[in-house]
Amino acid sequence: MPPPKDWTLSELRELLDKGSISSVEITQHYLQRIEKYNSNLNTFISVIRDQALILAELADKRIANKDNVLPLTGIPIALKDNILMKDVGATAGSKFLKDFVSPYHSTVAKKLLDAGAVIVGKTNCDEFAMGSSNENSAFGPVHNPWKHGFAPGGSSGGSAASVAARLVPAALGTDTGGSIRQPAAFCGVVGLKPTYGRVSRYGIIAFASSLDQVGPLTRTVKDNAMVYDSLCGHDPMDSTSSKHPNEITYKALDSVRDLKGLKIGFARELLTERIDPLIRDNVLASIEIYAKLGAVITDVSLPHLDYGIACYYVLAPAEASANLARYDGIRFTARSPRSMNVEDTYAKSRSEGFGPEVKRRILLGTFVLSTGYYDTFYLKAQKVRSLIRQDFMNAFQNVDVILTPTTPSPAFPLGSKNENPLDMYLSDAFTVPVPIAGLPGISIPSGFTNDSRPMGIQLIGKPFAEKTLFETAYSFEQETLFHERVPTL
Amino acid sequence: MTPLTKSDIKKIARLAQLEIDDSELDQKLSEFNRILSFTEKLASANVDQIKPTQFVSEETKTPLSEDKVKPSLDQELVFQNAPDRQDFFFKVPRMIGEEK
């Protein structure tokens, strides 16, 4: 076995195909790293060591027999803990689901297993995917691998930090308002939120069903495309999943696309005084790099994006308040021992089971849907949603891709925004408009602060234009090579 | 909009089947009003003639599945996470005829 290296998923694929390393060896390598570093980083809620080694053995047989070897055959991968894998726990970061065992596979887990991937465990996340710092997990916060004591972002913080710390070559996250892209930026990795409907939501613990989408977090753009290709496709078990034809995107990344003539839209109006100057300078430098690569930088106007956070914090809590009504202390969650009657069972179990942020959003959602407030808040937000989508569609008449910062600031210290939920919400300003409009968005590493905190840029595409996003991202990655920097653990 | 009061919050909590401790009511109320006043920003958006978007999809109508019996989850799997059960029933505290 070659000495432990800083492998990317694509490099592992080559080594496996050449037979110079086995999936069992690779899996053992990552399991050892998880064992060594998880106590410090807290990225995993559960590790399924034995199952992973069995899956690796099966993958090795499959590779030896040249039996339908696919891009992920034999590759270790982690799932965010709101993604179901049969007979394995799924807490969604909540103590309410501490003892829950999944009775079935999510479609994405099934697809990964069918492809021969080696699922090694479930990653930490904000409770029910609600949060931007991973501090809302009932299992403690994740630490940013680049700077201990700093937030990894959220809610897929465990997935992003695991990939950044080289505890797995790839992980799945979910994104409702930025929960893949924001932690990707904070941890210096690549994170894609696909077009709404591209990836099945069946077996994902629902937060806001009109916005939720599963996507990959990886070290490189090509790795991301390899995982994305394995996930997407129509699923009869999810009525919102799209019948749009699948495409193989990762093969387009065998060579760097010449960006000459590609039109990248940039909305200068988004760089308000609320943006950290480090991020402002970084995004302007990134624009320069794209211009140097031959892209045409075009000004676009997205006037309604300023309503994004307000719109999101009406729609997402409203949907969450309905989705989370199922946690009642009767069918699959812990029940309060204080329950004396049925009403008590609901209210006491829910009050003991849910954490403060989840309760806050359930209350907010219940309020905006209640009699007398529905039109003012919920219906109005749905109309503003149309305006935000229209802004993007108008811009896409003239450009191929839109570039923004992923976050208004680099990673912040754990605990620094807990006093004020609204401040925390504002850290999603650039990411929330994308799911509101149902579009695909990718965050890629775009540099580092002087104290080694990563920064990211977000590329937003037309519906189902994931391939263009990957190509555009890949050119930047190969020019800048930010993905080659390794955090010191 | 006039800020919400403690009794409003209590009413919302009851609708949501959540309990709020009296000791945390003040803090919850001020957080809630701060978030709500931020969302009031929506009031300034001009939405005349704009149709609401529930979700973004290329489908124009709700897809229906075939009316056909298919295998479903095994009962034992469905009940494995129940906090209390008797055979294949979820067991709950007494619902009717109970003394308050």
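Sequence lines set the chain letters: A, B, ... in the order given, protein chains first and strands last, and positions in each chain run from 1. Worth saying up front: this structure is predicted, and the values here are computed from it rather than measured.
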* Measure distances from A/A325 to the heavy atoms of chain B and classify the residue's part below 4.5 Å as side chain, backbone, both or neither. => neither

* Below 4.5 Å, heavy atoms only, C-beta onward: do B/F55 and A/L211 meet side chain to side chain? -> no

* To do: Tell me, yes or no, whether the heavy-atom count around A/M237 atom CE, taken from other residues, nucleotides or ligands under 6.0 Å, exceeds 12.
  => no

* Asked: B/F90 versus chain A, heavy atoms under 4.5 Å apart: side chain, backbone, both or neither?
  -> side chain

* To do: Would you sort out whether B/S44 and A/Y307 count as a side-chain contact (heavy atoms from CB on, under 4.5 Å), showing the intermediate values?
  => CA-CA 9 Å; B/S44 67; A/Y307 293 107; 3.1 Å; yes

* **Minimum side-chain heavy-atom gap B/R34-A/N420 below 4.5 Å** => yes

* Counting only heavy atoms closer than 4.5 Å, note whether A/T240 contacts chain B via side chain, backbone, both or neither. => side chain

* To do: Tell me, out of A/E352, A/R389, A/K86, who's got the most heavy-atom pairs with chain B below 4.5 Å.
  => A/R389

* To do: Verify, without hydrogens or angle tests, whether A/R350 (side chain) and B/Q17 (backbone) share a donor-acceptor contact under 3.5 angstrom.
  => yes

* Structure fact -> With chain A, the option among B/S57, B/A43, B/S65 that has the most non-hydrogen atom pairs under 4.5 Å is B/A43

* Does any heavy atom of chain B fall under 4.5 Å from the side chain of A/Y312, the backbone, both, or neither of them? -> neither

* Can you tell me how far the CG atom of B/L42 sits from the NE2 atom of A/H304, to the nearest 0.5 Å? -> 11.0 Å

* Given side chains that start at C-beta, do those of A/R331 and B/N81 come closer than 4.5 Å, heavy atoms only? -> no

* Please walk me through it: do A/F367 and B/L15 pass side-chain contact (heavy atoms from CB on, under 4.5 Å)? -> CA-CA 9 Å; A/F367 171 73; B/L15 289 172; over 6 Å; no

* For B/K11, is it the side chain, the backbone, both or neither that has a heavy atom under 4.5 Å from a heavy atom of chain A? -> neither

* To do: Heavy-atom distances under 4.5 Å only: say whether A/P236 touches chain B with side chain, backbone, both or neither.
  => neither

* Asked: How long is the gap from CZ on A/R335 to CG on B/D84, to the nearest 0.5 Å?
  -> 5.0 Å

* **Contacting moiety of A/I388, where chain B heavy atoms sit under 4.5 Å** => neither

* **Minimum heavy-atom distance between A/T366 and B/A16, given as atom pair plus value** => OG1-CB, 3.4 Å

* When rounded to the nearest 0.5 angstrom, what distance separates OH in A/Y373 from CG in B/L4? -> 6.0 Å

* Asked: Could you state the interatomic distance from CG (A/L422) to CG (B/L36), rounded to the nearest 0.5 Å?
  -> 10.5 Å

* Test log, rule side-chain contact (heavy atoms from CB on, under 4.5 Å), inputs A/D306 and B/K41 -> CA-CA 9 Å; A/D306 198 32; B/K41 182 188 179 76; 3.2 Å; yes

* Side chain, backbone, both or neither of A/T345 within contact of chain B (heavy atoms, under 4.5 Å) -> side chain

* Structure fact -> Given B/P63, B/A82, B/A45, the one with more heavy-atom pairs under 4.5 angstrom with chain A than any other is B/A45

* To do: Can you tell which part of B/I12 gets under 4.5 Å to a heavy atom of chain A, answering side chain, backbone, both or neither?
  => both

* Can you tell me how far the CD atom of B/Q80 sits from the CG atom of A/D87, to the nearest 0.5 Å? -> 7.0 Å

* Of the listed residues (A/L387, A/D328, A/L379), which shares the most heavy-atom pairs with chain B below a 4.5 Å separation? -> A/L387

* **Crowding at CD, B/E76 (>12 non-hydrogen neighbours, <6.0 Å)** => yes

* Quick one: CD1 on A/I309 to CD1 on B/I35, what's the gap to the nearest 0.5 Å? -> 11.5 Å

* **N/O donor-acceptor pair under 3.5 Å between A/K348 side chain and B/L18 backbone** => no

* Asked: Where does A/S209 contact chain B at under 4.5 Å (heavy atoms): side chain, backbone, both or neither?
  -> neither

* Asked: For atom CZ of B/F89, is the number of surrounding heavy atoms from other residues, nucleotides or ligands below 6.0 Å larger than 12?
  -> no

* Counting only heavy atoms closer than 4.5 Å, note whether B/D21 contacts chain A via side chain, backbone, both or neither. => neither

* Asked: Under 3.5 Å, is there a donor-acceptor pair between the side chain of B/R94 and the main chain of A/V342?
  -> no

* Using modelled atom types only, decide if a donor and an acceptor are shared between the side chain of A/R385 and the backbone of B/Q54 within a distance under 3.5 Å. => yes

* Do side-chain atoms of A/S386 reach the backbone of B/K51 as a donor and acceptor pair under 3.5 angstrom? -> yes

* Asked: For the candidates A/V368, A/L324, A/T195, A/V384, which exhibits the highest count of non-hydrogen atom pairs separated by less than 4.5 Å from chain B?
  -> A/V384

* Residue list, salt bridge (Lys or Arg N to Asp or Glu O under 4.0 Å) with B/E40, at least two apart or on another chain -> none

* Asked: Going through the distances and angles, do B/T53 and A/Q382 end up as a side-chain contact (heavy atoms from CB on, under 4.5 Å)?
  -> CA-CA 5 Å; B/T53 298; A/Q382 286 189 324; 5.6 Å; no

* Asked: Where does A/K243 contact chain B at under 4.5 Å (heavy atoms): side chain, backbone, both or neither?
  -> both

* **Option in A/L439, A/L315, A/I330, A/I436 with maximal non-hydrogen atom pairs under 4.5 Å from chain B** => A/I330

* Contacting region of B/E19 [heavy-atom separation from chain A under 4.5 Å] -> both

* To do: Name the member of B/D8, B/I50, B/V92, B/L73 that forms the most heavy-atom pairs with chain A at distances under 4.5 Å.
  => B/I50

* Asked: Can you pull out the residues in residues 99-106 of chain A with any heavy atom less than 4.5 Å from chain B?
  -> A/D99, A/F100, A/V101, A/S102, A/P103, A/Y104

* Among the options A/A347, A/S210, A/G438, A/G365, pick out the one with the most heavy-atom pairs lying under 4.5 Å from chain B. => A/A347

* Kindly give the heavy-atom pair with the smallest separation between A/L364 and B/F32, and that separation in Å. => N-CE1, 3.6 Å

* Asked: For the residue pair B/I20 and A/L363, what are the closest heavy atoms and their distance?
  -> CD1-CD1, 3.8 Å

